[in-house]
Each structure stands twice: as C-alpha cells, then as structure tokens.
Amino acid sequence: MVNGYDITLSDLRKHYRRRDGSSVRAIDHISLDIRQGEFVVLLGSSGCGKTTLLRCIAGLEAPDAGAIRIDGKPVFDSASNLFTPPEHRRIGMMFQSYALWPHMTIRENIQFPLKMQKVDKASAEKKIAHVLEMMHIGELAQQYPNQLSGGQQQRVALARAMVCSENLLLFDEPLSNVDAMVREHLRTELSFMQKELGFTAIYVTHDQEEAMAMADRIVVLGGGRIWQHGSPEEIYHEPVDGRVAAFVGSANLIPGQLAGTEISTALGSMTVPAGQIRSRGTEVAIMSRPEHWRLSAAGEAGGVASPEGALKLRGTVRLITHLGPHTDYIVAVGGQEIRVRAYGSRRLRVGDAVDILIATADLLVLDPDCSTGDLV
Amino acid sequence: MKTVTSTTPHTARRRGIWTRLTWGRRADGFSLLAMALSLVTAALILYPLAYVTYSVFIGGDASIPELVSNILGSGIGAVVWNTVWVIGCSILIATLIGSFFAWLVERTDIGLTGLSRFLPMMPLFVPPIAGAIGWVLLASPRSGFLNRWAQDGLGLAGIDLGGPLLNIYSGPGLVFVFVIYLIPNIFMTVSSHLRNLDPALEEAARMSGASVMKTLYLVTLPSVRPAATAGMLLALIMGLALFSLPVVIGGPAQIEVLAVRIVNLMINSYPPQTAVALLLAVLVIVVISVASWLQVRVLRRGNFATIAGRGIGAARVSLGLYRGPARVLFIAYLVASSLLPFLALLIVSLQPFWTPVINVTNFSLQHYESVFIQSRYSKAAIFNSIWLGVVGATVGILLSAVIAFFTNRQSGILVSLIDSVTKLPGAVSNLVIGIAFVVAFSGSPFYLYGTTLILLLAYIVLYIPQASLSANAALHQVGKQLTEASLMAGASQGMTFLRVTLPLMLPGLIAGWTLLFVLMSGDITASAMLAGNRNPVVGFVVLDLWAGGSFPQLAALGTVMTILSSSVVLLTLRLSHQRHRG
Ligand SMILES: Nc1ncnc2c1ncn2[C@@H]1O[C@H](COP(=O)(O)OP(=O)(O)OP(=O)(O)O)[C@@H](O)[C@H]1O
Ligand SMILES: [Mg+2]
C-alpha cells in the first residue's frame with residue numbers, strides 16, 4: 001500500500017479563445033482539496049470543463065491563473081510563474097483513446113515509463129511482471145496494440161498508467177468506448193484496485209451512474225465552476241440546488257414562491273418542515289425523488305391514506321415505463337409532470353386517475369440554481 | 001513507498017518573456033534546439049527575400065513607374081493571357097479527372113488497388129522535364145512516334161490524314177502535359193479525404209432513398225469540396241511555378257507563359273533584368289495569395305464533414321458495365337503519364353539520331369557514353385544532383401519534422417510566425433526564391449555564386465513547404481494523445497520526439513524524403529538561375545542540351561533521370577510498405 005498524493009487546487013482559471021474571437025471560461029475559479037487515496041469523480045455535462053481541469057492537473061495544459069500543489073509541492077503557481085512540465089509530475093494517466101503506442105509491443109508500452117524514469121532493470125522487470133499479472137494480460141505481452149480487442153487495450157492502458165505512477169492516476173472517460181458489460185466489469189475491478197493499492201484517483205465522466213458507483217467524492221461541474229462536491233449520498237440526497245438535483249439521478253422539481261414555511265405553487269399551497277428548506281431566495285423549486293412517492297388508483301379502497309405530514313395529489317397517468325424491478329409512472333398533476341417510481345405491479349393504464357403521496361420530510365426546498373440564489 | 005519527487009528546482013521554471021512568446025509552455029533543451037533550428041530556417045527564407053526586395057526596389061536605382069511601363073511595353077499582356085488560359089484550363093480539367101479517379105479508387109469496385117497506389121507518384125517516376133521531352137518525341141508534328149504510327153496505321157486502312165494527327169507544340173498540347181502533371185495533386189488530396197470520410201455519411205444518404213448518383217452529387221461531392229479546393233490551390237502553385245513544361249513545349253509553340261518570361265529575364269538577358277523579373281514574380285505572388293484567401297473562404301463556408309477515421313469496410317459502388325471503360329481510362333492515364341514518354345525517351349536515346357522509324361539494329365549506347373563518360377561536365381552534373389538530392393532531402397525533412405513537432409506542441413506568436421514563414425516559399429513561387437538567392441548570396445559577403453552550397457540552400461528553402469506538408473501530415477497521423485501519454489510517462493520533449501513521435505512519423509517522413517529527393521535532384525527552375533559551368537546539375541545540363549537541340553543526348557539524360565527517380569520511389573514504397581506490415 002502506497003501513499004496517494006494529496007492535491008490542492010487554488011482559484012484555478014483557464015480560458016480558451018475561440019476561432020471567432022469569443023472566449024470560453026473552461027475553468028472559472030476552481031478551488032478543491034483532494035485527500036490522499038481519495039477517489040474523486042469529476043461529473044458534469046458535455047463542455048463543462050472536466051477534461052480541461054484534468055489536463056491542467058496533468059500538466060498538459062497551463063492554467064491562466066491560480067495554483068496547483070501535488071503531494072505538498074507546487075507544480076503550478078501563476079503568482080511565482082511556476083510551471084512543472086508533465087514529464088516531471090510523475091502522474092499516471094489513462095486516455096480516452098488509450099493512446100497505446102502502435103510501434104511498441106504491449107510489454108514495451110508498459111516498460112516505457114520505467115525506462116524514462118530510469119528505474120533499474122531488476123525492479124522494472126518485477127514491476128512489469130506484477131502489473132501484467134494483475135491486469136491479466138500476461139499472455140498478450142508480445143502482441144502489438146492493433147492485435148488486441150478494445151477491452152484488452154483498455155487493460156493495457158490502465159497497466160501503463162499504473163506503472164507511470166503509484167500515487168496519482170488520472171482518467172478521462174476511460175470506459176466510454178466499450179460495451180456495458182465490459183464497462184461494468186472494469187469499473188468494479190478498478191474500484192477494488194484503487195482501494196487495495198491506495199493511489200489517489202481523479203476520474204472524469206459524464207455518466208452519473210458510473211460516478212455514483214466509483215466515487216468517494218463527486219465533484220459536480222457546470223460552466224467551468226464547481227456546483228457541488230460531496231459523497232455520492234450527499235450529492236444525491238442533499239443537492240445544493242435544482243441543477244445538481246436534476247443532473248444527479250432523476251428529480252421532480254416543482255417551482256414556487258416561498259413565504260415562511262408556506263410555498264405557493266401551481267398545484268396549490270404546500271407546507272414543508274423548516275428543516276427541509278435549503279433555499280436562500282424566495283423563488284424556489286420543491287425537489288422530490290421518484291422513489292419517495294407512493295401511488296394508488298384514485299379513491300381506491302385501502303389506497304393511500306393521507307396521514308399528517310404528507311402531501312397528497314391527484315393526477316392522471318401519462319406514461320408507464322417498465323424497468324424490471326420497478327416501474328416508472330409519469331403522472332400529470334395540474335400541468336406538472338411528476339415521475340413516480342413504484343415497486344411491484346399496480347395494474348394501472350395510461351389515462352387512469354391516480355393518487356400520489358409523499359412525506360413532506362422527503363421534500364427539499366432548493367434554489368433553482370445557486371447563482372440566482374446568490375443574487376437575492 | 002514514495003519513490004519520486006514531483007518537482008525539483010531545475011524543472012520548475014520561471015515564466016518570463018520566453019513564456020509570453022511561446023505561451024505558457026516549457027523551454028527545455030529540445031525546445032531550445034527546435035527553436036534555434038526554426039529561427040535559422042526562417043532566416044534562410046526571409047533574408048534573401050528581404051534583401052532582394054530592398055536592393056531592387058528601395059536601395060536600387062529602379063523606379064517602379066519606369067519598370068511598369070517597361071513591362072507593359074514588352075507584350076506582357078499576351079504572356080499573362082497565355083498563363084491564365086493554359087493554367088486555368090489545365091487546373092479545371094485536372095480537377096475533374098483527378099477527383100473522378102479518386103472517387104473511382106476509393107468508392108467503387110474498380111479494383112486496381114496496386115496501380116492506384118502509384119498514381120499520386122506519377123510525377124515522381126518521370127520528372128516533368130523528362131516527361132515533357134518524352135511527349136515531344138511522341139507527338140511532335142514532324143517526327144513524333146504517335147503521329148508516324150497513326151499515319152501508317154490509318155494509311156493501311158486507306159485513310160490519309162493530310163497532316164499530323166497530334167501536335168504537341170500547340171495550346172492543347174501544352175494543356176495536355178500540364179494536366180498530366182497536375183492530376184496527382186488533386187487525386188492525392190481528394191482521395192485521402194475520401195478515405196477519411198466516414199462512409200456512414202454516404203450510407204445514410206443511400207438509406208434515405210438517394211440513388212448512387214444523387215449520393216455522389218449531394219453528399220460525397222460537397223463533403224470533398226474542401227479537399228478539392230485545397231488540391232486546386234496546390235495545382236495552381238505548382239502550375240505557376242512549373243518552368244520545365246512551358247519551356248520545352250511552349251517555346252516552339254510560341255506560347256510564352258510568365259514562368260518562362262521571368263526565368264529568361266534572369267538568364268537570357270545581359271545584364272539580368274532582376275527588377276523587371278521580380279516585379280512580374282510579385283504578380284504571381286499576388287495571384288497565389290488571392291487564391292489562398294479564396295480557398296480559406298471556401299473552407300470556412302463548407303461545413304467540414306465529420307471525419308471518423310475508421311473508414312474501413314465502406315460498401316463500394318458497383319460500376320457494372322462501366323467497370324471496363326473506367327479501368328481503361330485509369331490505365332490510359334498511367335500509360336500516358338509514364339510508360340509512353342519513358343519508352344520514347346529510351347528508344348531515342350538508343351538511336352543514332354531521332355527518327356520515328358524504329359530500327360533495332362542501329363541501337364547503340366553511344367549517347368550514354370558521350371553524356372556520362374566523355375563529358376566531365378555532365379558527369380559532374382549527375383554526381384552533384386544526386387548528392388544535393390540526398391543531403392537536401394535529408395536535411396529538409398528532418399528540419400521540418402522537428403519544426404512540425406515543435407510548432408504543434410507549442411503555441412504563441414513566435415510559433416505561428418515560424419509556421420507561416422515555412423509556408424512562405426510555397427506562396428512566393430520558385431522563381432522569386434531563385435532570383436532572391438542570386439541577388440542575396442552571389443556577391444559580398446557570401447560569394448556563393450557558382451558553388452553547390454548555394455544550390456543546396458536554395459533547394460532546402462524552395463522545397464521546405466513540401467517538406468513541412470509531409471512532416472505535418474506524418475505528425476497528424478500520430479494521435480495527439482500518443483505524444484501526451486509519453487510525456488505523462490516521464491519522457492522529456494526530446495525523448496518523446498525520438499522514441500515515440502519520430503518512429504511513428506517515419507513512414508510519412510520516408511515518403512516526404514522521396515518527394516524532396518526527386519524534386520531537388522530534378523529541379524530546373526532554381527537551377528536555371530543558380531547553376532553554371534562551375535556547379536552544374538542535371539536540370540541545368542538538360543536546358544543546355546535542349547537549347548542545342550541534341551535530342552538523343554537529351555533522351556539519354558531523361559532516361560537516366562527517370563530510372564533514378566523511379567528506383568528511389570519504388571525502393572521507399574517498398575520500405576514503407578514493409579514498415580506498415582511490421
Ligand atoms: N483547445 C480548445 N480551444 C478552444 N476551446 C476549447 C479548447 N478545449 C476546450 N475548449 C472549450 O472549453 C470548454 C470545456 O471543454 P472540456 O473539453 O474541458 O469539456 P468536457 O467537460 O471535457 O466535455 P466532454 O464531456 O464533452 O468531454 C468547452 O466549451 C470547449 O469548447
Ligand atoms: Mg472531455
């Protein structure tokens with residue numbers, strides 16, 4: 001078990017100039033502390049700056065401003081004009097295209113970083129043998145990359161990255177090129193390996209399921225900024241605003257105006273426990289997760305009762321999606337659509353009138369997004 | 001266990017003026033070397049151009065209005081008109097045929113994959129000067145082989161033509177040879193684009209109900225338009241600078257084009273009318289710049305088709321009944337551009353004197369003997385051309401590879417300057433470079449006139465655009481992430497270049513080297529102005545023999561040039577083929 005590196009990003013900024021002269025803030029004042037051995041996933045929609053941030057850490061891009069410290073040592077600091085090139089940062093990186101050198105065999109590919117880092121022959125051999133065995137690619141050592149399947153290439157790419165560094169590995173959507181089965185398998189394997197070996201991992205993806213499955217901490221990015229960071233549970237159950245809620249998992253957002261604990265919405269006025277109100281402004285969104293709703297045919301005997309501390313609405317089924325263990329219903333309630341996830345069969349059909357019910361403790365009152373919240 | 005420290009003081013770098021120039025990138029030993037090489041190259045390109053501009057137009061005693069009236073009085077109108085229609089027609093025809101060939105090879109079941117690999121290299125097998133002479137031997141009105149055969153053949157059938165069937169010494173004749181030498185430019189750019197074009201685009205069109213022809217017209221053609229315009233621009237630059245074809249064929253046909261006029265002003269008038277020549281050459285520069293600007297506009301307007309890069313397994317269009325004729329057409333081009341002129345050269349070189357009647361019993365090697373053994377002058381020329389070609393091509397391609405790697409890894413004002421400077425000679429045309437080298441390096445303080453060094457330098461500068469095109473193309477074959485992966489593995493810039501980028505660029509660089517070797521060893525334009533009795537090269541000797549009208553000796557020289565370049569091309573083709581398989 002080795003020590004993973006810790007990383008500190010302070011107020012990083014990076015902009016690109018487009019061909020037409022406009023400028024894009026790919027990274028907009030990002031600060032973040034990453035602990036030793038942590039598995040951090042950068043999650044965000046396309047073009048939000050994930051790759052740019054990762055490449056800044058790698059040293060493949062130079063930020064405009066800010067500072068980066070890796071393992072306590074500064075590698076970039078705009079104040080003192082410091083920039084350490086990637087070849088001196090000793091970071092492993094797995095590229096989306098794998099980037100295996102086609103003129104070298106698998107063994108030579110894996111050997112290359114060790115040669116460059118002038119590791120002595122005996123320990124290099126040991127290391128290569130170890131990683132070949134660990135990744136189950138020993139029998140491929142003499143092959144060239146173009147003789148390998150996609151999944152095998154991926155293993156080699158991971159092996160090479162791990163040889164590059166035992167302390168910090170970067171991944172830019174490494175699993176996006178293979179089918180779901182292989183992806184799931186490699187995902188599990190990678191998680192195990194990271195826990196076992198103890199390196200710090202920064203992993204870029206826009207697949208929220210992947211993020212949930214692998215991360216110790218998810219960093220949700222949008223428009224070059226950090227929207228929220230926290231453990232997968234935190235991000236899912238305590239999103240800071242409507243955008244994050246909508247991006248991670250599916251969320252029902254009902255817009256409304258807040259006054260005290262009363263919220264007036266298009267569906268009428270609702271009261272939410274004070275502890276569930278996270279908004280700073282008065283324009284709010286009431287967030288609920290589909291699995292917290294319960295549903296029954298309208299007026300059905302023995303159906304959903306309306307106990308104290310619950311919200312009950314009547315609507316019509318719009319769409320039914322069977323997803324195996326559970327079924328998703330889109331229920332139209334007074335112009336709003338609410339997704340309800342139910343387990344077991346209900347014998348409902350599209351067009352049926354239904355009652356849906358949720359405990360008010362399961363509602364969260366959020367700002368639609370933080371930036372507007374800041375203004376109020 | 002923590003084995004490595006990520007930052008040591010010498011790797012951390014203060015960002016000063018250097019950084020601002022090369023924006024945010026690292027300056028290690030390799031970058032400095034690359035920088036130095038780039039600057040030397042840039043100086044070698046810029047110095048003569050700046051010097052000639054200054055000494056002729058500013059420091060000299062020429063007055064521009066006087067020059068202009070001088071030029072206008074010399075019948076320049078006809079020359080410009082000739083240039084416009086000869087080059088214009090040639091480019092149009094070459095574009096049509098070249099794109100058609102590209103489509104045939106990349107998208108239909110024409111087959112001929114072996115032969116089509118040779119097509120882009122046609123001008124490399126038979127250098128233009130040799131090809132032009134070959135076609136003179138084939139189709140000159142009085143004793144051209146084809147004319148004589150046609151006469152005999154038709155005579156047997158009882159038809160009397162009453163005159164020669166073909167006349168190479170004519171407008172169409174000149175356009176014909178131009179077309180032959182311009183087609184490969186178009187073919188190369190269009191076919192490589194087609195190869196990279198995701199066939200799914202065309203398949204989607206077919207699935208949407210478009211016929212083969214509709215798909216070709218509505219999807220394929222629009223998406224190769226950028227490539228076709230790029231090819232046309234290449235053809236224009238090459239066409240305007242080609243001196244060998246119009247001097248050999250345009251001379252007797254009395255069709256003078258700009259390139260010929262400019263070279264003649266420099267070498268056939270005493271004293272050389274440098275100022276007039278330069279002013280005319282500036283006209284060429286203006287035309288090329290306008291064309292490049294137009295091309296950029298076309299490129300910007302046409303949305304780039306998605307290049308997926310996995311264009312294998314494209315379903316090919318079945319030509320059906322047209323397959324035969326298409327093959328014949330394709331092969332006819334190959335024969336007309338290489339086999340026929342080569343055979344004509346070979347036959348005439350063996351004859352005692354040029355005659356359309358072939359009599360094998362008269363064949364002898366006497367002309368080879370006189371050219372290559374008896375004349376020390378042409379022996380020296382051959383020797384010079386070969387070593388200049390080898391050294392020039394090697395230096396040129398390595399220089400370009402380093403510069404390409406460097407400019408692609410870095411960005412900044414300086415880097416984009418270097419990038420444009422290396423493209424400059426392409427836009428400036430060979431003629432200006434030739435003139436500039438004569439003026440800048442002949443006298444004090446260099447005194448390079450009559451040396452092979454001036455030729456070597458001129459060749460490198462002249463062909464640096466082709467070299468950097470090849471090097472950049474080779475570099476783009478190497479995915480960016482492959483290079484980045486090496487940096488992440490801890491390899492320095494120099495190590496990355498040597499161990500990863502250069503080996504992967506090698507096939508492309510070998511092809512580039514071949515191109516440079518053939519261009520340099522067969523160069524006519526610059527050699528006409530820079531070579532002499534003290535530093536003869538093959539191109540110079542050919543012009544000399546041409547002026548003297550000694551056809552069999554010309555044919556012997558042309559044959560040897562053709563064999564020499566063909567063998568180099570075939571050898572490198574073999575080499576790169578083997579590497580690909582390995
Ligand atoms: N070299 C560049 N030149 C100009 N703009 C760039 C460049 N690289 C990235 N950008 C812009 O910066 C922004 C962030 O890009 P980045 O590649 O980091 O996104 P991403 O989050 O990785 O997206 P994806 O999930 O699609 O990979 C985008 O708007 C992109 O257009
Ligand atoms: Mg990305």
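Values below: all heavy atoms of this structure, side chains included; hydrogens, waters and symmetry mates excluded.
Atom-to-atom distance recorded for A/Arg160:CZ and B/Ser486:OG is 8.5 Å, nearest 0.5 angstrom. Once rounded to the nearest 0.5 Å, the distance linking NE2 of A/His88 with OG of B/Ser492 reads 7.0 Å.
With a 6.0 Å radius and a threshold of 12 heavy atoms from other residues, nucleotides or ligands, A/His29 has its NE2 atom above the threshold. Few gaps surround CZ on A/Arg183; more than 12 heavy atoms of other groups in view lie less than 6.0 Å from it. When the shell of 6.0 Å around NE2 of A/His206 is examined, it contains 12 or fewer heavy atoms from other residues, nucleotides or ligands.
For a residue to count as touching a neighbouring chain, one of its non-hydrogen atoms must lie under 4.5 Å from one of that chain's; by this rule B/Met495 touches chain A with the side chain only. Neither the backbone nor the side chain of B/Thr496 comes within less than 4.5 Å of any heavy atom of chain A. For A/Leu100, the part sitting under 4.5 Å from any heavy atom of chain B is the backbone (N, CA, C, O) and nothing else. For a residue to count as touching a neighbouring chain, one of its non-hydrogen atoms must lie under 4.5 Å from one of that chain's; by this rule A/Lys115 touches chain B with the side chain only. Using a 4.5 Å cut-off between heavy atoms, A/Met94 does not touch chain B at all.
The two residues B/Ala489 and A/Cys164 make their nearest non-hydrogen contact at CA-SG, 3.4 Å. Among all heavy-atom pairs drawn from A/Leu60 and B/Leu487, the shortest one is CD2-CD1, 4.3 Å.
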Using the rule given for side-chain contact (heavy atoms from CB on, under 4.5 Å), can you reason through A/Phe112 versus B/Val500, listing the C-alpha separation, both sets of side-chain angles and the distance that settles it, and then say yes or no? CA-CA 10 Å; A/Phe112 187 81; B/Val500 173; 3.9 Å; yes
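Between A/Ser97 and B/Gln481, the side chains place a donor N or O and an acceptor N or O closer than 3.5 Å (distance only, hydrogens not considered).
A 4.5 Å side-chain heavy-atom check between A/Arg55 and B/Glu484 finds at least one atom pair inside the cut-off.
Annotation: salt bridge (Lys or Arg N to Asp or Glu O under 4.0 Å) contacts of A/Glu210 (sequence neighbours excluded): none.
Your options are B/Arg499, B/Lys480, B/Met488, and the one with the most heavy-atom pairs under 4.5 Å with chain A is B/Met488. Ranked by non-hydrogen atom pairs under 4.5 Å with chain B, the options A/Pro102, A/Gly92, A/Ala161 are led by A/Pro102.
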